[in-house]
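Take a look at the structure set out below.
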Amino acid sequence: MKVQIAASILSADFAALGAAAAAVERGGADLIHVDVMDGHFVPNISIGPLVARSLKRVARVPIDVHLMITDPDRYIDAFASAGASMISVHVEVLPHLHRTVHAIKALGVRAGVVLNPSTPVIAIEQIAGDVDFVLVMSVNPGFGGQAFIPRSESKLREVREALDRAGNTAASIEIDGGIDRSNAALVVAAGARILVAGSAIFHSSDPEQATRELKAAAVGALATASPAL
Ligand code: DX5
Ligand code: ZN
């Protein structure tokens, strides 16, 4: 399994999203990560399907939508038709997670489930065989620019074990929050294969170069962690 960089446009200049996407693509970003916040599940409000659709029009890489909203079932169709290739939903808000995951897949979109820092891995035990990916939050969702929570490293290993136990070796693990060059190797060694980064990319003076450097750190770590790959 390759390692990928998902550039979170939450930390970009919203007046120039097209240019932001182009810069990270030049730097080697594999995905554009779109953070959707409703001011209810998380304290912040961000963007919705209209912006995802506009990004889809200009982006050359797939759109990865992270729904930090109380009622994701109501908006899955809208994000799928906006052009999302991946949609992830928080386990904390979904009593019928199995139905939601399969509803996402039925739309031809890769389905992911997200764990907040305080949510135990056992919460995905029964869905581990159904998902395309698991997103481990390494900060409390709502804002960019927060510090990586160290406990997330062992959580990544636990999630990998849960997926493998379910026979879902093809499912990948995404990590989101406080990712930068200093911890990229650590999270890759623990099993992360999609690294989300917002402020490490867009709050740097050169987002294209920051993306390139983060990707090099992640790819280098994978080569060290799994020399056979
Ligand atoms: C946080 C979002 C993240 C955020 C990451 O709620 O889910 O995707 O943009 O930003 P950084 O990389 O700055 O922690
Ligand atoms: Zn996110």
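Whatever order the structure lists them in is the order used to number ligands and atoms, beginning at 1.
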- Taking atom 11 (P) of ligand 1 as the point of reference, which of A200, A197, G145 owns the nearest heavy atom? G145
- Run the salt-bridge test on D30 and K215 with the 4.0 Å N-O cut-off and return the result as yes or no. yes
- Closest to atom 6 (O) of ligand 1 among protein heavy atoms sits G142 N, 2.7 Å
- Per-atom contacts of ligand 1 with D176, taking only distances under 4.0 Å to non-hydrogen atoms: 2 (C), 3 (C), 4 (C), 5 (C), 7 (O), 8 (O)
- Under 4.0 Å from any heavy atom of G144, which atoms of ligand 1 are there? 10 (O), 13 (O)
- Task: Do me a favour and list the nearest non-hydrogen protein atom to atom 12 (O) of ligand 1 with residue, atom name and distance?
- Result: G198 N, 2.8 Å
- Are the side chains of Q4 and E174 in touch, meaning some heavy atoms are under 4.5 Å apart? no
- Task: Look at atom 14 (O) of ligand 1 and say which protein heavy atom is nearest, naming residue and atom and giving the distance to 0.1 Å.
- Result: G178 N, 2.8 Å
- Could you tell me whether H40 atom NE2 has more than 12 heavy atoms of other residues or ligands within 6.0 Å of it? no
- Task: Please find the N/O/S atom of D35 nearest to the Zn ion (ligand 2) and write down its name.
- Result: OD1
- Item | Polar side chain donor-acceptor pair, D180 to S182, under 3.5 angstrom | yes
- Query: Yes or no on side-chain contact (heavy atoms from CB on, under 4.5 Å) for N116 and M137, after CA distance, side-chain angles and deciding distance?
  - Reply: CA-CA 5 Å; N116 273 339; M137 286 308 303; 4.0 Å; yes
- Message: Is there a polar contact between ligand 1 and S8, counting only N or O atoms under 3.5 Å apart?
- Response: yes
- Query: Is any side-chain N of the basic residue among R157 and E153 closer than 4.0 Å to the acidic one's carboxylate O?
  - Reply: yes
- Give the numbers and elements of all ligand 1 atoms closer than 4.0 Å to a heavy atom of H66. 7 (O)
- atom 1 (C) of ligand 1: nearest protein contact (heavy atom, Å): F143 O, 3.6 Å
- Item | Distance from atom 2 (C) of ligand 1 to nearest protein heavy atom, with residue and atom | D35 OD1, 3.4 Å
- Query: If only atom types and distance count, is the side chain of S138 paired as donor or acceptor with the main-chain N or O of G177 below 3.5 Å?
  - Reply: yes
- May I ask you to list the atoms of ligand 1 that are less than 4.0 angstrom from any heavy atom of L10? 9 (O)
- Would a 4.5 Å heavy-atom cut-off, applied to side chains only, mark I201 and V24 as touching? yes
- Task: State the atoms of ligand 1, each with its element, that fall below the 4.0 Å cut-off from a heavy-atom position in S199.
- Result: 11 (P), 12 (O), 13 (O)
- Query: Considering only heavy atoms of V196, which atoms of ligand 1 have at least one such atom less than 4.0 Å away?
  - Reply: 8 (O)
- Query: Which angle, to 10 degrees, forms at the Zn ion (ligand 2) with ND1 of H66 on one side and OD2 of D176 on the other?
  - Reply: 90°
- Query: Is the backbone of N140 close enough, under 3.5 Å, to the side chain of Q146 for a donor and an acceptor to pair up by distance?
  - Reply: yes
- Message: Under a 3.5 Å distance rule, please check whether D206 uses its side chain to pair with a backbone N or O of Q209 as donor and acceptor.
- Response: yes
- Note on the structure: For P141, the ligand 1 atoms with a heavy-atom partner under 4.0 Å come out as 6 (O)
- Report, in ascending order of atom number, the atoms of ligand 1 lying under 4.0 Å from any heavy atom of H33. 8 (O)
- Query: Is the shortest side-chain N to carboxylate O distance from R151 to E158 below 4.0 Å?
  - Reply: yes
- Message: With a cutoff of 4.0 Å, is M68 in contact with ligand 1, counting heavy atoms of the residue only?
- Response: yes
